[in-house]
Amino acid sequence: MPFNTLLTIFIVVIAFAFFAGQRRALKLKSDGSSLHSLPFYHGTWLIIVGVLPAIIILLVWSLLDSSVIRSVVLSELPASLMSVSAAEKNLLFSEIANLADGQTASPNADVLAPIADRYLLLQSMSGKLKLGLALIVSVIGFGLGWLRLKPDFRARNRFESTVKIILMSCASLAILTTVGIVFSVLFEAMRFFDSVSILEFIFGTHWSPQIAIREDQVGSSGAFGAVPLFVGTMLISAVAMIVAVPIGLMSAIYLSEYAGPKFRAYAKPLLEILAGVPTVVYGFFAAITVAPMLRDFGESIGMSVSSESALAAGLVMGVMIIPFVSSLSDDVINAVPQSLRDGSFGLGATHSETIRRVIIPAALPGIVGAILLAVSRAIGETMIVVMAAGLSANLTINPLETVTTVTVQIVTLLVGDQEFDSPKTLAAFALGLMLFVTTLCLNIVALYVVRKYREQYD
Amino acid sequence: MTTMTVDSNTSPQSSQEATQPVADISSNGLDSSRDYRQTVGKIEVANTKMSMRDVNVSYGDKQAVFGVDLDIAKNEVIAMIGPSGCGKSTFLRCMNRMNDTIEGCVVSGSLKLDDQDIYDPKLDVVPLRARVGMVFQKPNPFPKSIYDNVAYGPQIHGLANSKVELDEIVENSLRKAGLWNEAKDRLDQPGTGLSGGQQQRLCIARTIAVSPEVILMDEPCSALDPIATARIEELIDELSANFTIAIVTHSMQQAARVSHRTAYFHLGYLVEIGDTDDIFTNPKHRLTEDYITGRFG
Ligand SMILES: Nc1ncnc2c1ncn2[C@@H]1O[C@H](COP(=O)(O)OP(=O)(O)O)[C@@H](O)[C@H]1O
Ligand SMILES: [Mg+2]
């Protein structure tokens, strides 16, 4: 059934259920009974019992039916095709689906044609069953719900608990998605650790993931020590934070404490535009402008700066995250109550003493939060690093050399032709897992710090 | 328009009540029932600490205080009362230039602390505010430990040369504010963890830690329960031995209990000033009488 028709039917049914319930309640009221709940809630009650279960059935059925049909079709394959491998079964099934779609250009067309017919039949049966079941459930629910519409029926409470359940399922959906992602990364990473020991991965200092894919390729055997990547990530993030935290914080202090309202109204959005510049633009700015500038400058004072350096990437990344620090800090500084400023001024403190000794401490939890957000932005940033810091996994803490980061390596591992079960590809999942664990730890530490601070000062 | 307000206030009075104070004043040549723009009572004091003349304050276009003349004597407690919005806080905040922090606030007239012009452009507000401290309506301890709250002022003014001296100042201030016994075992805990009344006493301790000469208090008890209020009132009485105190209050009982002189403000004008006992037993101005007897405000 086309989606639009279905939607129209739904709207009509919902409206019908609502008005039926409401009318019923109004009728009860005009008969002289006093209602527990407003007629509106009687209307919503009929929607809840009459329409909601049907929608759930439709959704669940639609989610499941393709895989059920698929396994039925595959189990009915003729004996000659039964013995093929799982991968070939996938191919066969897509051929069947294509045939059912009317594309006949298939080498096995004559063998598969009856199966394709069977597939079509199953599909249409499933669709009819689905609608029929939804309709029956809807009618039963509506009928039972109707019988309960009495003056003392607590429709309002039902409505409240239904709303609660709906909100709860939305919240759990978000959590479940996260959990799902974590687990899928975890399982792939475990497959990686089957071929590379976890200790070698965490403590190894050599990263060189190239592996000979085919027998005849001349290639290294691959080394998966992630230390250089994490050191590179930390190095670039550190440079970025050294740029972003002081500048961001000071501009926040200027904006919230010294700037007039007019200047603030223009300056704040302008600063925030910095956050809206695509990172790829920052990336080529770093690679084409900043990195050569640093190299030339280094040469002129007799230092060797490689043309792709952690410094260039870190500096530009720092500029990119200034608005994160400044905008959020500005908000928290503004939220510090005026009474604290008055108290400090009233004691004869100057503006800067007040800022340093009263306002910043009071705003610190928020500022720490802003900085941590900026750190996780820096750790996760990829584009600037790819372009400006290079791809070679040097283990160094000298910002003038070229380094690489975790995210950049994940990208390079996964672009191009890949086998999805070679250690090289799976290493991306292991890196992803490590990155996830790192940011998680960072967040936990941050939460702990902030909470401790709050307890002390709120 | 202002005159109309007064008329509507005076007209419903029964003639007996109305004539008594008016007769008193009109013998001085003042028709006080019609005009509150002229202050009734004696402005000058013997032992002047602060002296204000013709103080006008406006916020942008809106004038909030009109030509107030007032002297404050050394070691006296002066209470400022009057209906909400009559400019008490505004006037109080002029006395240590706290109004400087409000954009658009313009102060004119002469305000003197020991013959020094407070609004002299060459004057530095930092030492002024150390000499004229302020306690606010809502307790506003800093998000620091109790110790650091009190130590803050002495530190920024460089009053202590050593940790020992600073400890001494903190202890003395907390003692004077009557908070030492409650706070001595928890000096390193946040000041915000104290009860409302204790927080206000902490704010008072913080203010007296810089040894001010005058303490301005803007409704210091309005956020407190009666018991905490009683403690603060006791404290004000003790403090008046060492400090000059100007207190804005909404509670007539409080003014009567703690103050030596009382100033009644109305619509930005100082209507009447006099000894507290006189004002509360024998108000000269109709508006003052209406206010303190609860007919108005
Ligand atoms: N920051 C300000 N900006 C503009 N107007 C103000 C400000 N503060 C006070 N006012 C106005 O000044 C008048 C006096 O206020 P205030 O001194 O706070 O009165 P009180 O303390 O006696 O209740 C009021 O009309 C008030 O609206
Ligand atoms: Mg006030």
Side-chain angles (χ1 to χ4, degrees), chain A residues 249 252-268 329 331-370 448-458, chain B residues 89 92-93 95-104 124-145 148-159 188-193 199-200 202-203 205-212 215-218 223:
Chain A
L249 204 54
I253 291 172
Y254 176 72
L255 281 183
S256 56
E257 290 293 318
Y258 291 97
K262 231 182 184 162
F263 179 78
R264 195 163 180 263
Y266 289 106
K268 209 180 170 200
S329 307
D331 289 344
V332 293
I333 290 174
N334 263 322
V336 172
Q338 181 63 31
S339 67
L340 288 185
R341 293 186 180 87
D342 285 346
S344 180
F345 289 139
L347 285 169
T350 62
H351 206 151
S352 70
E353 282 163 345
T354 304
I355 291 169
R356 214 168 29 162
R357 307 215 18 200
V358 175
I359 296 178
I360 298 291
L364 204 60
I367 293 175
V368 170
Y448 176 76
V449 170
V450 169
R451 189 162 309 148
K452 193 159 173 209
Y453 197 88
R454 281 254 163 82
E455 267 167 23
Q456 198 176 352
Y457 288 137
D458 252 4
Chain B
S89 299
L92 195 72
R93 291 165 63 96
M95 295 200 256
N96 68 347
R97 289 187 51 179
M98 277 302 282
N99 282 338
D100 288 11
T101 61
I102 298 175
E103 220 160 300
D124 186 5
V125 295
V126 168
L128 169 70
R129 288 186 190 148
R131 292 176 68 191
V132 185
M134 184 146 196
V135 176
F136 298 85
Q137 179 167 1
K138 219 175 124 243
N140 56 350
F142 301 129
K144 298 172 179 294
S145 69
D148 287 340
N149 259 285
V150 184
Y152 180 72
Q155 280 170 345
I156 57 178
H157 293 292
L159 298 184
D188 55 344
Q189 284 174 32
T192 42
Q199 286 188 13
Q200 194 61 299
L202 177 62
C203 292
R206 179 176 84 182
T207 307
I208 57 190
V210 295
S211 323
I215 303 177
L216 311 174
M217 299 186 173
D218 193 351

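Labels below follow one simple rule: chain letters A, B, ... track the order of the sequence lines, proteins then strands, and each chain is numbered from 1. This one's a predicted model, so the numbers in the text were calculated from it and none came from an experiment.
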For A/Pro361 and B/Lys144 the tightest heavy-atom approach is CG-NZ, 4.4 Å

Minimum-distance pair of heavy atoms, taken over all atoms of A/Arg357 and B/Ile156: NH1-CG2, 4.1 Å

Side chain, backbone, both or neither: which part of B/Pro212 has a heavy atom under 4.5 Å from chain A? neither

Report, by ascending residue number, the residues of residues 255-267 of chain A in heavy-atom contact with chain B at a distance under 4.5 Å; give 'none' if the set is empty. A/Pro261

Of B/Arg97, B/Gln155, B/Gln137, B/Met134, the largest count of non-hydrogen pairs under 4.5 angstrom with chain A goes to B/Gln155

Between A/Asp342 and B/Arg93, does a side chain to side chain contact (heavy atoms under 4.5 Å, CB included) hold up when you go through it step by step? CA-CA 11 Å; A/Asp342 285 346; B/Arg93 291 165 63 96; 4.2 Å; yes

So which part of B/Val132 gets closer than 4.5 Å to some heavy atom of chain A, the side chain, the backbone, both or neither? backbone

B/Tyr152 versus A/Val358: any side-chain heavy-atom pair under 4.5 Å? yes

Residues passing the side chain to side chain donor-acceptor pair (under 3.5 Å) test with A/Thr350, sequence neighbours excluded, are A/Glu353

Report yes if the side chains of A/Val336 and B/Pro143 come closer than 4.5 Å at any heavy-atom pair, otherwise no. no

If you count every heavy atom of other residues, nucleotides or ligands that lies below 6.0 Å from A/Gln338 atom CD, does the total exceed 12? yes

How far apart are the closest heavy atoms of A/Leu340 and B/Phe142, and which atoms are they? O-CE2, 3.5 Å

